[in-house]
Amino acid sequence: MTGYVSNSSWTRPSYTTILTGQPKRVHGVELNGHKLSDDVETLAERFAEAGYRTASFVGNPLVGADVGYSQGFEVYVDTKTMGRMFPSDEALVDRAIRWLAREDPRPFFLVVFLTAPHAPYRPHLGYRRFLEEVPGGRIIERPRREYRQPLPAPDRDRIVAAYDGEVAFADAQVGRLIDFLAAEGALPRTTVLVTADHGEAFGEHNCYTHTYHMWEPVLLVPFVLVAPEIGSKNVRDDRPYTHIDIAPTLLDLAGVDYSGDELPGISIARVLRGTAEVDRERLVFSQYDAHGVRREAVRKGRWKLVHHHAVPKSAASRLNDLSQGSAPSRPRDLPSLAWDGERYELYDLVADPEERRNVYDENSGSSTLRDLRRGMESSLRGTTVSGPLSEETMRVLTAMGYMRSPTDAEEPANRRR
């Protein structure tokens, strides 16, 4: 899919939507102390009720069993189970393959959450060929969220090359799973879906990584679906899909009943079969709310509206964490946050795919903008604002590069996976 959009710009709310098929206003999970509620049914629970064996192998410590993500899984291997905050993708796939190899006549539902493509950018030793092709420049493993001026081109190229190495390593692990299913003769009757919880910025608008950014490189994510029920055609689909569509798609492909009233998404499988349609003017939502920063994006066709909420003064002490080591209480180090009050931005993604020209004011009276504003307000109804973080969550966020001590340097480290 080429028009596929994440419902959030970072892991926890995005993955919750993938796992439940529900938008944030229903599941309520963001950067807070809330666990995934038992009242929100997961895909694993639905498949278990239908007679499937279920397992998940997760390398991201933000979505462990301790905060409710093991609901419905017979086997849930997370970072605490593995005894490492960042188990390698290779180790996760090893465990997944051993689980698949068990004798069990039931069909299976398997989730593998790989984390190699993520800051800090430290490609596996066997996957550094992209770095070797880029002479000069620093490898900045943890670039700041924003810079006032562009990084030197060699530095940016090295960051991209390091990330490419991480992607190549993760891709190889997906390949190992596919090869195992093929060798076992199971691939022709298995649905395989590959996606991501968020994208990554590499210098667009002088921004890097993800978290609070609402730019296209952060929200557009891959979506690859292979399923015997939809045939072997290679289809590149640019229609508007998003993470709430995963649950109905997989349930539909498995023949597991569900109600459209309980799952708001669209079955992509039905669209590909030609038995359902998706409106190209469909509203698609993305949200972020953490550290006192709240942003939403909604798109309709070629148009994308972004809402930046006012950053309260009480959040100033958090800006140090967001700026990745700059002095605290200095919003000028975060250009997109150095604004008084709220603001809106509107972009024409066809005429301006790099989102360089904000055309909000000149479209202030248009029906399209009214529709986008109404849709955004509706999507937020019932959404709670994130609260204080637990010490455990703070520790995990710091280790993952989401937050950082002011003493941390912006220089490459010697550690390698």
Side-chain angles (χ1 to χ4, degrees), residues 1-9 13-14 17 21-28 30 198-199 204-205 207 212-221 237-245 248 260-261 263-266 268 271 276-290 292-312 336-337 339-386:
M1 305 294 171
T2 57
Y4 191 87
V5 178
S6 172
N7 287 128
S8 183
S9 55
S14 175
T17 295
Q22 301 294 348
K24 183 191 167 184
R25 69 174 181 271
V26 175
H27 64 64
E30 181 78 47
H198 56 75
E204 298 85 358
H205 304 270
C207 294
Y212 60 80
H213 304 314
M214 289 283 123
W215 302 117
E216 289 295 270
V218 175
L219 297 180
L220 289 175
V221 293
D237 195 338
D238 64 352
R239 287 172 288 193
Y241 300 112
T242 186
H243 282 336
I244 62 170
D245 301 328
D261 294 333
L263 289 176
I266 295 170
I268 298 173
V271 176
E277 296 182 357
V278 56
D279 187 352
R280 287 188 176 273
E281 298 291 294
R282 177 193 190 190
L283 295 177
V284 176
F285 305 96
S286 306
Q287 296 174 258
Y288 175 87
D289 171 19
V293 180
R294 294 181 64 199
R295 293 179 176 177
E296 299 95 32
V298 58
R299 65 192 70 218
K300 178 183 179 183
R302 66 192 294 164
W303 298 101
K304 175 182 173 183
L305 177 67
V306 182
H307 181 198
H308 300 250
H309 291 258
V311 180
S336 75
L337 300 183
W339 293 71
D340 294 328
E342 68 175 354
R343 71 185 190 277
Y344 288 89
E345 297 171 357
L346 180 68
Y347 297 101
D348 181 342
L349 297 176
V350 174
D352 179 27
E354 295 184 354
E355 302 168 282
R356 296 290 181 182
R357 184 166 177 262
N358 178 9
V359 294
Y360 183 85
D361 289 341
E362 61 197 75
N363 287 275
S364 59
S366 70
S367 59
T368 295
L369 184 55
R370 286 196 299 271
D371 289 345
L372 289 168
R373 286 285 300 266
R374 288 195 200 101
M376 182 175 283
E377 291 163 5
S378 175
S379 74
L380 296 176
R381 196 168 294 129
T383 299
T384 57
V385 178
S386 292

Between [atom1] on residue [X] and [atom2] on residue [Y], distance to nearest 0.5 Å:
| X | Y | atom1 | atom2 | result |
| --- | --- | --- | --- | --- |
| Q287 | N7 | CD | CG | 8.0 Å |
| T368 | R373 | OG1 | CZ | 14.0 Å |
| I244 | L263 | CD1 | CG | 9.5 Å |
| S378 | M376 | OG | CE | 11.5 Å |
| K304 | L372 | NZ | CG | 12.0 Å |
| R280 | D238 | CZ | CG | 4.5 Å |

- Ring-face cation of R25 near F285 (centre distance under 6.0 Å, axis angle within 45°): no
Considering only heavy atoms from C-beta outward, does the side chain of [X] approach that of [Y] to under 4.5 Å?
| X | Y | value |
| --- | --- | --- |
| L219 | S9 | yes |
| H307 | V298 | no |
| E345 | V359 | no |
| Y288 | H198 | no |
| H205 | W215 | yes |
| S336 | R295 | yes |
| S286 | V5 | yes |
| W303 | L369 | no |

- Item | Which residues share a side chain to side chain contact (heavy atoms under 4.5 Å, CB included) with D352, sequence neighbours left out | Y347, R356, R357
- With distance as the sole test, does R282 use its side chain to make a donor-acceptor pair with the main-chain N or O of P240 at under 3.5 Å? yes
- Does N363 use its side chain to pair, donor to acceptor, with the backbone of S366 at less than 3.5 Å? no
To check you understand the geometry: which heavy-atom pair defines the closest contact between [X] and [Y], and what is its length?
| X | Y | answer |
| --- | --- | --- |
| G301 | E281 | CA-OE2, 3.7 Å |
| G265 | P248 | C-CG, 3.8 Å |
| H243 | S14 | CD2-OG, 3.1 Å |

- Task: Take atom CD of E342 as the centre, draw a 6.0 Å sphere, and report whether it contains more than 12 heavy atoms from other residues, nucleotides or ligands.
- Result: yes
- Listed by chain and number, what are the side chain to side chain donor-acceptor pair (under 3.5 Å) partners of H27, not counting sequence neighbours? T17
- Test: D245 and R239 ion pair at under 4.0 Å: no
- Please check if any side-chain donor atom of T242 sits under 3.5 Å from a side-chain acceptor atom of R299, or the reverse. no
